[in-house]
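Have a look at the structure below before the remarks.
For ligands, and for the atoms within them, numbers begin at 1 and follow the listed sequence.
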Amino acid sequence: MSIDTVQLEALLSEARDIVLIGHLNPDGDAIGSVTAAWHYLRSRGKFPKIILPSPYPENMSFLEPDGDRILICEQDLEEARRLVAGADLLICLDLNRLARTEYLEKDILASPAKKILIDHHIAAELDRFDLAFSTIDVSSTCELLYWILLSTRDIAGDPQRIPLRCAESLYVGMMTDTNNFSNSVFPGTFEMASKLIARGVDKDAMQEKVLSCYSVSRTRLLGHMVKDKMVILPRHKAAYMLLSNKEKERYHFLPGDSEGFVNLPLAIASVEISALFTENADGQYIRVSLRSKSRVNVNRLAVRFFNGGGHRNASGGRLYIPLEEVPAYFERALDAYPDEEKFS
Ligand code: 5GP
Ligand code: MN
């Protein structure tokens, strides 16, 4: 995949104060893409800053820049706002709407900085950026960033020139967003993986650090959810699970612990849609995670009924109702979901 990077090169050359911004509840692709961009920009002599709206899972901390702290809005919003206001280039990664930054939408719009988007979600807000790289024909933002970097002047099509730490971040973002090569995998995804491994990324080490890193209590919580909480709705070929704050406390829940739970019911032959509803720590809303088998579209379901969006087979959103009202709401949403959208 060859990408025109003329405008990008110009913006990068001019920029002094670059800020890289990811989305709320950052996942592997969000952390992978901001840190990959950081490592790349450092190799070009820049000193970018990273802002994430909320904390990221501990298992991703090895991707962090050395000697530079990732700024978390929920810990220091004033500083995040100051950085955005003072930047001359803002690069948003892995988010299609500025609202996904939760706290910074107005600040980003008000900032005099040039704005770049690098993202792989449906319906990105292209008109809010000076330059946008947006396609859904890649596995992840990290994959898109890989193709962009290959097209830059200094990498010049040679993956061996990608800094190793950058390559690791790219690999981890792609690996997590594809659920370890099980969905949204394109021919180019394997090509990228192969080139990054040849570059020196230790695939087994990445997998162990990121996917085999959980506590005993997290695995017990997983068992509890599948055994005691999974509800099957045969008429809708759907399954759902509710995760309350009480359960999170009982199982010493840490950010990232429920990663992957929502995929498990899809292993059942008769289940085509799976949902995980998680009470937010401050109890203000319910986080919604939706997954589907390939022929079913959950993006439209997320947009229509769950104040969210995402991808065809992996979407998310929020509900502002008590947890106990969620099952009835979910069934009503499935009843009202038009077939022409469900199978679109
Ligand atoms: P997850 O279920 O892993 O949290 O999210 C799955 C996908 O849905 C991700 O690609 C994510 O970007 C998208 N997503 C999750 N939450 C939201 C949300 O609140 N709004 C929108 N627009 N997309 C979301
Ligand atoms: Mn992503």
Side-chain angles (χ1 to χ4, degrees), residues 21-37 52-57 60 92-103 105 117-125 128 133-147 169-180 182-186 189 192 210 239-241 243 255-266 273-280 284-292 297-320 330:
I21 302 173
H23 62 73
L24 187 76
N25 300 318
D27 57 4
D29 196 27
I31 299 143
S33 57
V34 291
T35 55
L52 292 172
S54 54
Y56 50 92
M60 305 279 176
C92 293
L93 296 119
D94 201 35
L95 53 96
N96 56 347
R97 313 180 67 79
L98 290 180
R100 295 277 290 138
T101 64
E102 190 75 12
Y103 307 100
E105 180 171 12
L117 175 71
I118 301 176
D119 180 55
H120 72 126
H121 293 91
I122 296 166
E125 294 175 330
R128 294 184 144 185
F133 298 93
S134 165
T135 173
I136 59 167
D137 297 327
V138 287
S139 61
S140 51
T141 296
C142 279
E143 183 182 335
L144 177 56
L145 183 56
Y146 170 79
W147 296 115
S169 287
L170 293 172
Y171 190 91
V172 165
M174 174 275 296
M175 177 184 84
T176 51
D177 246 28
T178 58
N179 191 17
N180 209 13
S182 80
N183 46 257
S184 312
V185 173
F186 294 77
T189 315
M192 162 195 180
V210 177
Y240 71 86
M241 297 182 278
L243 175 56
D257 271 2
S258 57
E259 203 58 53
F261 285 11
V262 67
N263 295 307
L264 298 171
L266 288 182
I273 296 179
S274 170
L276 173 68
F277 299 99
T278 309
E279 209 173 3
N280 182 256
Q284 279 176 346
Y285 61 88
I286 309 292
R287 261 189 82 190
V288 181
S289 263
L290 296 166
R291 298 290 185 273
S292 60
N297 182 332
V298 282
N299 174 59
R300 296 300 308 158
L301 188 69
V303 172
R304 232 177 215 279
F305 301 103
F306 297 102
N307 308 300
H311 310 278
R312 198 169 180 284
N313 301 121
S315 286
R318 285 180 191 187
L319 278 179
Y320 299 90
F330 183 47

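- Using bins of under 30°, 30° to 60° and over 60° for the plane-to-plane angle, the ring pair Tyr240/Phe330 lands in the perpendicular bin.
- Of the candidates Ser258, Gly316, Ser140, Ala99, the one placing a heavy atom closest to atom 16 (N) of ligand 1 is Gly316.
- Checked against a 3.5 angstrom limit, the closest N/O atoms of His121 and ligand 1 fall inside it.
- The shortest N or O to N or O distance between Asn307 and ligand 1 is not under 3.5 Å.
- At least one N, O or S atom of Asp177 sits under 2.8 Å from the Mn ion (ligand 2).
- Atom CZ of Arg97 has 12 or fewer heavy atoms from other residues, nucleotides or ligands within 6.0 Å.
- Ring geometry for His23 versus His121: interplanar angle over 60°, hence perpendicular rather than tilted (30 to 60°).
- Residue Arg100 holds the heavy atom nearest to atom 18 (C) of ligand 1 of all those in Arg100, Arg318, Arg287.
- The Mn ion (ligand 2) has no N, O or S atom of Asp27 inside 2.8 Å of it.
- Looking at ligand 1, you won't find any N or O of Glu259 less than 3.5 Å from one of its N or O atoms.
- Under the 4.0 Å criterion applied to side-chain N and carboxylate O atoms, Glu105 and Arg128 are assigned as salt-bridge partners.
- Put simply, the angle at the Mn ion (ligand 2) from NE2 in His120 to OD1 in Asp94 is close to 90°, to the nearest 10°.
- Closest to atom 5 (O) of ligand 1 by heavy atom, among Ala123, Gly317, Ser315, is Ser315.
- Contact annotation: for Arg291 versus ligand 1, heavy atoms closer than 4.0 Å belong to the side chain alone.
- Taking backbone and side chain together, His121 holds no N, O or S atom under 2.8 Å from the Mn ion (ligand 2).
- Between the side chains of Asn313 and Ser292, at least one donor N or O lies within less than 3.5 Å of an accepting N or O.
- At the top of the distance list for atom 2 (O) of ligand 1, counting protein heavy atoms only, stands Ser289 OG, 2.4 Å.
- Nearest to the Mn ion (ligand 2), among the N, O or S atoms that Asp29 has, is OD2.
- For atom 21 (C) of ligand 1, the nearest non-hydrogen atom from the set Ala30, Ser184, Ala314, Gly309 belongs to Gly309.
- The side-chain heavy atoms of Glu143 and Asp177, taken from C-beta on, include no pair separated by under 4.5 Å.
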